[in-house]
Amino acid sequence: MQPDYNIAIWTAVGHIPVGKVATYGQIARLAGFPNSARAVGRALAILPSDTRIPWHRVINAKGQISFPIASEKFKEQALRLTSEGILIKQGKISLTLFGWEL
DNA sequence: CAACTGACCATCC
DNA sequence: AGGATGGCCAGTT
């Protein structure tokens with residue numbers, strides 16, 4: 001099991017400009033899997049902690065972080081996003097303002 | 001081998 | 001506007 005899914009997805013994620021965010025659906029589309037947003041979630045889930053992939057720039061279609069509000073993962077992602085200039089109000093990110101390729 | 005699960009999404013009510 | 005429903009697809013149980 002070493003499908004290129006993950007490679008394609010990671011590559012697409014790596015193309016997200018700093019200060020912008022993309023949804024799983026967008027990434028899936030860019031990677032060549034129009035109906036497999038879930039593949040993106042999987043690909044990101046198996047990333048090692050020392051990865052250089054900006055996984056934090058990937059959020060769900062609701063414009064929110066796809067983690068339990070109190071989890072460490074959530075906090076880390078929120079921190080990384082804010083430090084890149086992305087504003088999170090009430091746990092929600094404005095895709096209109098920070099969405100990649102609108 | 002069948003069923004469940006999940007860092008999801010679009011549509012319908 | 002918020003909740004339920006169906007579809008997707010690969011890795012686990």
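Note that this is a predicted model, so its numbers are computed, not measured. Per chain, numbering begins at 1; letters A, B, ... match sequence-line order.
A distance-only check finds no donor-acceptor pair linking the side chain of A:Ser36 to the backbone of A:Ala39 [under 3.5 Å]. At least one donor-acceptor pair under 3.5 Å links the side chain of A:Trp10 to the backbone N or O of A:Ala43. A:Ser83 places a side-chain N or O within 3.5 Å of a backbone atom of A:Leu79 that can act as its donor or acceptor partner. Listed for the A:Ser71 side chain is no donor-acceptor partner under 3.5 Å among the backbone atoms of A:Phe67.
A:Arg57 has a carboxylate O that lies under 4.0 Å from a charged side-chain N of A:Glu84, or vice versa, which qualifies the two as a salt bridge.
Atom CG of A:Leu95 and atom C1' of B:dC9 are 13 Å apart (whole Å). Atom-to-atom, CD1 of A:Ile9 to P of C:dC9 comes out at 12 Å; the value is rounded to the nearest Å.
Contacts with DNA chain B (heavy atom under 4.0 Å) in residues 78-92 of chain A: none are found. Residues from residues 41-77 of chain A with heavy atoms under 4.0 angstrom of DNA chain B, sorted by number: A:Gly41, A:Arg42, A:Leu44, A:Ala45, A:Trp55, A:Asn60, A:Ala61, A:Ser66, A:Phe67.
Taking hydrophobic clusters as Ile, Leu, Val, Met, Phe, Trp and Tyr residues chained together by side-chain heavy-atom distances below 4.5 Å, A:Ile46 shares a cluster with A:Ile27. Note on A:Ile69 and A:Leu87: same hydrophobic cluster, where clusters join Ile, Leu, Val, Met, Phe, Trp and Tyr whose side-chain heavy atoms are under 4.5 Å apart, directly or indirectly.
Applying the side chain to side chain contact (heavy atoms under 4.5 Å, CB included) criterion to A:Ile93, with sequence neighbours excluded, gives A:Val21, A:Ile59, A:Leu81, A:Ile86, A:Ile88, A:Phe98. Partners of A:Glu76 according to the side-chain hydrogen bond (donor to acceptor under 3.5 Å, both in side chains) rule, which considers only residues two or more places apart in sequence or in another chain, are A:Arg80. Annotation: side chain to side chain contact (heavy atoms under 4.5 Å, CB included) contacts of A:Lys75 (sequence neighbours excluded): A:Glu72.
Contact check, A:Tyr5 against C:dA10: a side-chain N or O comes under 4.0 Å of OP1 or OP2.
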Under 3.5 Å, N/O pairs linking protein and nucleotides 6-8 of chain C:
| unit_1 | atom_1 | unit_2 | atom_2 | d |
| --- | --- | --- | --- | --- |
| C:dC8 | O4' | A:Asn35 | O | 3.4 |
| C:dC8 | N3 | A:Arg38 | NH1 | 3.3 |

